[in-house]
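What follows is one structure encoded as structure tokens, with my remarks underneath.
Just so we're on the same page: letters track the sequence lines, and every chain starts at 1.
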Amino acid sequence: MARRQNLTGWLFASPVVIGLLVFTGYPFLASLYLSFCEYDIFNPPTWVGLNNYRILFTRDPLFWTSLKNVLYYTVFAVPMGITFGVALAMLLDAKIKGISVYRTIFFLPSIVPVVATSVLWLWLLNPRIGLVNTLLRLTGVAGPTWLGDPAWSKPSLIFMGVWGVGGSMIIYLAGLKDIPVTLYEAALVDGASTWQRIRHVTLPMITPVIFFNLVMGLIGSFQYFTQAFIMTGGGPLDSTLFYALHLFYQAFMYLKMGYASAMAWVLFVIVVAVTAVVFKTQGRWVHYGR
Amino acid sequence: MDAEARARLTPVGMALLVARIASVAAAVAVALWLYLGYTPPKRSSYPGREKVIFWHMWTSNWAEVINNICRRFNESQERYEVVPLTVCGGSLKTLIATAGGDPPDCMGQWETVIPAWAERGALTPLDELMEPGDWARLRDKMYPAVREIGTYKGHFYGLATGMNIWACYYRPSHFKEAGFDPDKFPKTLEELDAIAEKLYRYDKNNNITRIGFTPWGLSHWIALFGGTLFDYDRNELSICHPRNIDALAWMAGYSNKYGYDRVLQFQAGLPSTMEASWPFMSGAYSIVVDGQWRIQQIFEYMPNLDYRTAPIPPPAGGKENACWSNGNFMIIPSGAKNKKGALEFMSFWSGVSDPARAAEFYTWGGWLPITPDVANAPIYQEYIRKFPEFKTFVDIMSSPNVQVTPPTPVQAYLMHRLGWAEDAARREVMSPKAALETIRDEVDRELKNTRVSLKPAS
Amino acid sequence: MQKHSFYTRLAIHAVLIILAVPFTMPLIWMISTSLKTKEQIFPNEVVTSISGFLAEWRPSPVRWANYAEGLRYVPFPLYLRNTLMLCAFNVTGAVLSSALVAYAFAKLQWRGRKLIFSIVIATMILPGQVTMIPTFALYRWLGWYGTYLPMIVPAFLGNAFFIFLLRQFFMTIPDDLCDAARIDGCSEWGIFWRMMLPLAKPALATCALFQFLGTWNDFNGPLIYLNDQNKYTLAYGLQQFLGSYGSEWALLMAATTVFTIPIIILFFLAQRTFIQGIATTGSKG
């Protein structure tokens with residue numbers, strides 16, 4: 001019986017097992033090997049032991065800058081994204097006219113190509129002619145230069161990140177739709193208020209989805225790259241030089257793929273540790289239906 | 001869930017599921033049919049010829065100019081066929097394809113790749129690929145900056161297709177309004193500073209409404225101040241050359257005088273690619289430093305704009321007709337399959353083989369040529385007569401004071417950090433000297449780290 | 001759930017409308033830019049009022065020719081065909097294979113389950129930039145360089161993001177339900193196909209949507225693996241407007257509008273069918 005179960009399990013999992021063996025495994029391990037090599041992309045890699053890691057921790061101040069930047073981003077963007085995403089999904093779960101139109105609107109930033117949204121934001125945040133500073137000016141406040149100001153560049157990008165919350169909003173929505181109506185009915189019979197229903201029925205029931213978005217949010221923001229690459233290129237004064245951006249420059253501009261691989265594996269260890277801790281807390285707050 | 005609920009669910013759920021799978025299957029079938037039933041247009045017009053795979057970075061109507069040059073080449077001879085392909089997204093694809101052993105035969109790239117790729121043996125030395133006589137002739141003819149920028153450790157790797165030169169654009173009407181003679185553009189930087197001050201305009205809240213002049217791009221000012229980032233005699237970087245510090249200090253002086261944030265508030269933070277709204281055209285600037293390509297843009301968007309151009313004036317003790325220059329280069333990867341064909345195409349385009357013929361291509365793009373032969377060709381001279389302001393740039397091309405990015409294997413890193421130093425000094429978070437010293441140390445460290453990569457210890 | 005009172009509904013509308021303003025901007029801006037002449041796109045004048053700002057969003061004169069010109073540069077039907085072909089394969093492949101694997105992680109007991117799950121999560125944690133070159137080398141070795149295969153085949157072998165998402169959804173389904181079915185003599189395949197998939201439909205639809213959007217917008221795949229302009233996809237084709245030497249914003253936005261509007265309509269319809277449809281049928285607990 002147990003053997004049969006094992007076999008069934010492996011059979012159902014076989015696509016991903018084959019995928020790991022054939023496509024994912026080799027590049028994954030190859031990058032680990034490369035992190036111990038000097039590899040300039042054009043010539044075969046040569047083994048240098050721990051040299052890349054040594055340089056990383058002792059001779060590259062930008063490594064620490066980029067790590068700090070990405071931590072800053074993660075610490076703010078992930079909780080804000082979850083709070084806003086859950087709240088928005090709950091509003092969009094309401095049974096009112098035109099709700100599908102609202103849902104579509106809040107998902108728009110996730111549909112429109114990044115190139116278009118980036119240019120839009122460059123314009124909105126433009127210190128002189130942008131909407132944000134125009135509004136501030138009307139209220140008598142002189143706005144900062146946003147992406148041009150080392151103090152405001154990261155908050156600007158975080159704000160844009162929260163604006164692009166549509167993807168996780170959809171996932172929360174799917175989670176909300178999964179909550180059995182009977183639970184709400186039972187709560188109503190018990191005379192629970194709206195807030196109590198949210199607190200004791202809705203939130204606990206979507207914890208598996210919140211957990212998912214928390215883990216994916218962490219993984220995603222540690223690799224935050226695209227908007228910074230398109231809009232700021234790491235500036236001003238390295239204030240938006242995020243880890244993945246520094247890594248990309250090392251790999252494809254400075255041709256230090258071995259070094260970039262070492263950077264990637266350091267990030268990997270950090271994020272695996274963070275993720276493992278999050279998984280460990282699962283038992284305390286995530287409610288699966290058993 | 002009770003049994004009743006399950007029974008209720010199953011038929012509806014199944015129906016939906018079947019409908020979904022059916023629609024997906026239909027989509028797959030349609031897609032398969034579209035895919036299999038579609039014959040793509042023939043790509044090769046010359047089946048019997050040797051192919052020359054050419055990857056470049058030009059897009060939209062620029063790509064059509066490139067396609068025309070390729071077509072001309074294919075018609076001009078009977079041995080090769082150039083197959084052009086626009087490659088977006090920087091050099092990512094090129095690097096990956098080269099690493100995978102499948103590079104194109106010839107590529108258009110920015111000059112920054114030359115030292116870095118050449119150092120790693122990824123480029124074919126053109127001086128060895130060419131017939132010795134051809135090479136000697138070309139070497140003597142090229143503009144000095146073109147030769148310098150393509151050369152790394154004694155070999156020549158990149159043939160420019162178009163160079164960029166920077167000069168001052170200015171508005172005569174602003175000059176007149178402020179009481180200056182537009183025919184007498186300042187001859188020294190000190191005069192420029194004085195005139196600029198009178199050209200600034202402010203509103204009642206003391207916000208800037210027009211910029212007289214504000215400097216950017218440290219590399220240009222290093223050239224004008226007589227500094228240099230590379231000591232060619234000693235073959236090493238000279239980031240902290242005293243004149244480099246002077247140049248940066250002068251730039252920081254502008255921030256001090258006019259306020260960095262105030263200028264930034266005024267300057268649109270939009271990408272410079274938005275050519276139609278170049279602020280100079282709308283009168284937001286009286287004097288700006290910019291490249292020769294603006295001439296065609298002004299012609300396209302504001303043909304009646306009254307403007308002039310002039311070389312950037314040097315400071316006392318500086319260099320005349322100076323600026324930093326860069327450009328688009330044709331390179332041949334070491335792993336290219338058809339190097340001779342690639343060279344033939346490059347010579348055709350850049351006018352090594354027939355300057356008069358190539359001159360026409362350069363007028364299509366409004367590009368600066370690499371040899372005076374192309375510039376002196378009748379068709380190019382006619383172009384200059386049509387755009388008289390363009391002459392300023394062509395004249396600067398032959399100046400010995402035009403500087404190029406230093407030939408160091410860490411060029412991309414150097415340029416990135418140089419931008420940081422300029423930013424730091426102009427924001428006055430650091431003295432110009434300290435900023436340059438900071439990046440000198442960083443670049444030194446990077447060089448050491450990179451040397452390790454070339455000659456691994458033990 | 002009970003029907004909201006009139007005032008509650010009014011309040012929800014008010015909040016949503018206010019919140020919606022910044023979210024409608026990309027669409028409005030995209031369409032407005034697509035109809036502008038080059039000179040209007042990035043105005044230089046400082047505006048001092050909201051109405052002044054709104055005026056900047058209104059194209060005048062309206063230039064419909066951007067659409068004709070924008071579509072001239074990109075062979076739209078051909079690229080649409082290529083894109084839809086990739087989408088069809090990827091959506092089918094990724095959703096089905098990921099659901100299978102997720103079921104194994106959520107509801108089956110087998111040795112190695114935890115390990116494989118951890119590895120699947122771990123594959124998402126390593127930044128993709130450093131696996132690009134080995135991955136390319138692998139596909140080239142397989143002879144797939146220059147074909148669609150590197151963009152199709154992996155989709156059939158599970159997508160880590162979807163596997164994790166679907167696992168979370170399967171986990172919320174009580175084990176008792178599966179056990180009851182097993183006692184009734186139902187095979188694992190039967191449980192998966194007839195019980196799990198219908199119950200997880202919102203999640204499956206979400207995965208299908210994400211995969212569709214991912215493939216539709218994919219830029220790196222075509223960039224790295226395709227060398228033939230006839231094989232390009234729409235997302236990559238659109239990049240032809242963005243160059244190192246100046247960008248045609250109006251044309252780009254015209255083409256982007258044509259590229260995006262069908263997806264918005266599709267999303268509008270799909271969320272109706274799937275997300276709302278499930279509320280009436282999806283009851284468990």
query: Which bit of C/T256 is near chain A, if near means a heavy-atom gap under 4.5 Å: side chain, backbone, both or neither?
result: side chain
task: Apply the test ring-ring contact (aromatic ring centres under 6.0 Å, His included) to residues A/F28 and A/W265: give CA-CA distance (whole Å), side-chain angles for both, the deciding distance (0.1 Å), then the verdict.
output: CA-CA 10 Å; A/F28 202 73; A/W265 277 88; 5.3 Å; yes
field: chain A contact via C/M253 - which portion, at a heavy-atom distance below 4.5 Å
entry: side chain
message: Less than 4.5 Å to any heavy atom of chain C: does that hold for the side chain of A/T275, its backbone, both, or neither?
response: side chain
task: Below 4.5 Å from any heavy atom of chain A, which atoms of C/L16 appear? Answer side chain, backbone, both or neither.
output: both
- prompt: Can you say whether A/Y259 sits under 4.5 Å from chain C via the side chain, the backbone, both, or neither, judging by heavy atoms?
  reply: neither
- prompt: Would you find a donor on one side and an acceptor on the other, under 3.5 Å apart, between the side chain of C/S34 and the backbone of C/A254?
  reply: no
- request: Heavy-atom distances under 4.5 Å only: say whether C/F136 touches chain A with side chain, backbone, both or neither.
  value: neither
message: Quick check for you: among A/F12, A/W121, A/Y102, which has the greatest number of heavy-atom pairs under 4.5 Å with chain C?
response: A/F12
- request: Select one option (side chain, backbone, both, neither) describing which atoms of C/W216 are under 4.5 Å from chain A's heavy atoms.
  value: neither
field: Side-chain donor or acceptor of C/R113 paired with backbone N/O of C/L108 under 3.5 Å
entry: yes
- prompt: Looking at C/V130, C/V153, C/I264, which makes the most heavy-atom pairs under 4.5 Å with chain A?
  reply: C/V130
query: Hey, are the side chains of A/L218 and A/V271 touching, using non-hydrogen atoms and a 4.5 Å cut-off?
result: no
query: Are any non-hydrogen side-chain atoms of C/M171 and A/P208 less than 4.5 angstrom apart?
result: no
query: Is it the backbone or the side chain of C/F117 that comes under 4.5 Å from a heavy atom of chain A, or both, or neither?
result: side chain
query: When heavy-atom pairs shorter than 4.5 Å are enumerated against chain A, which of C/F219, C/W189, C/W110 gives the highest number?
result: C/W110
statement: Of A/L88, A/L34, A/V101, A/V114, the largest count of non-hydrogen pairs under 4.5 angstrom with chain C goes to A/V101
- prompt: What residue in A/F222, A/F248, A/F211 has the most heavy-atom pairs under 4.5 Å with chain C?
  reply: A/F211
- prompt: Hey, mind stepping through A/F23 and C/W144 against ring-ring contact (aromatic ring centres under 6.0 Å, His included) and telling me if it holds?
  reply: CA-CA 13 Å; A/F23 294 114; C/W144 293 0; 5.8 Å; yes
- prompt: Taking all atoms of both residues into account, what is the closest heavy-atom pair of A/Y33 and A/P45, and its distance?
  reply: CE2-CG, 4.4 Å
- prompt: For C/F161, is it the side chain, the backbone, both, or neither that has a heavy atom closer than 4.5 Å to a heavy atom of chain A?
  reply: both
message: Please rank A/L91, A/N213, A/T117, A/V286 by heavy-atom pairs under 4.5 Å with chain C and give me the top one.
response: A/L91
- prompt: Tell me, side chain or backbone of C/Y103 under 4.5 Å from chain A's heavy atoms, or both, or neither?
  reply: side chain
Side chain / backbone / both / neither for A/Y243 at chain C, heavy atoms under 4.5 Å: neither
- prompt: Non-hydrogen atoms of chain C under 4.5 Å away: do they reach the side chain of A/T24, the backbone, both or neither?
  reply: side chain
- line: Under 4.5 Å to a heavy atom of chain A? For C/R111 that would be both
Options A/M205, A/M257, A/M263, ranked by heavy-atom pairs under 4.5 Å with chain C, top entry: A/M257
- request: Would you mind reporting whether A/M216 and C/M124 have side-chain heavy atoms less than 4.5 Å apart?
  value: yes
message: Please check this pair: side chain of A/D93 against backbone of A/L173, looking for a donor-acceptor N/O pair closer than 3.5 Å.
response: no
query: Heavy-atom distance under 4.5 Å to chain A: side chain of C/I17, backbone, both or neither?
result: both
query: Short question: side chain of C/K107, backbone of C/M196 - any donor-acceptor pair under 3.5 Å?
result: no
- prompt: Between C/I133 and chain A, which part of the residue has a heavy atom less than 4.5 Å away: side chain, backbone, both or neither?
  reply: side chain
statement: The interface call for C/L19 against chain A, heavy-atom contacts under 4.5 Å, is both
- prompt: Heavy-atom distance under 4.5 Å to chain C: side chain of A/A251, backbone, both or neither?
  reply: neither
- prompt: Heavy-atom distance under 4.5 Å between the side chains of A/L247 and A/F225, does that happen here?
  reply: no
task: Could you tell me which portion of A/I105 (side chain, backbone, both or neither) has an atom closer than 4.5 angstrom to a non-hydrogen atom of chain C?
output: both
task: Would you mind checking which part of C/M25 comes under 4.5 Å of any heavy atom in chain A, side chain (CB onward), backbone (N, CA, C, O), both or neither?
output: both
message: Can you tell me which of A/L11, A/T207, A/L20 forms the most heavy-atom pairs within a distance under 4.5 Å of chain C?
response: A/L20
task: Go through the side-chain N and O atoms of C/Q168 and A/Y288 and say whether any donor and acceptor fall under 3.5 Å apart.
output: yes
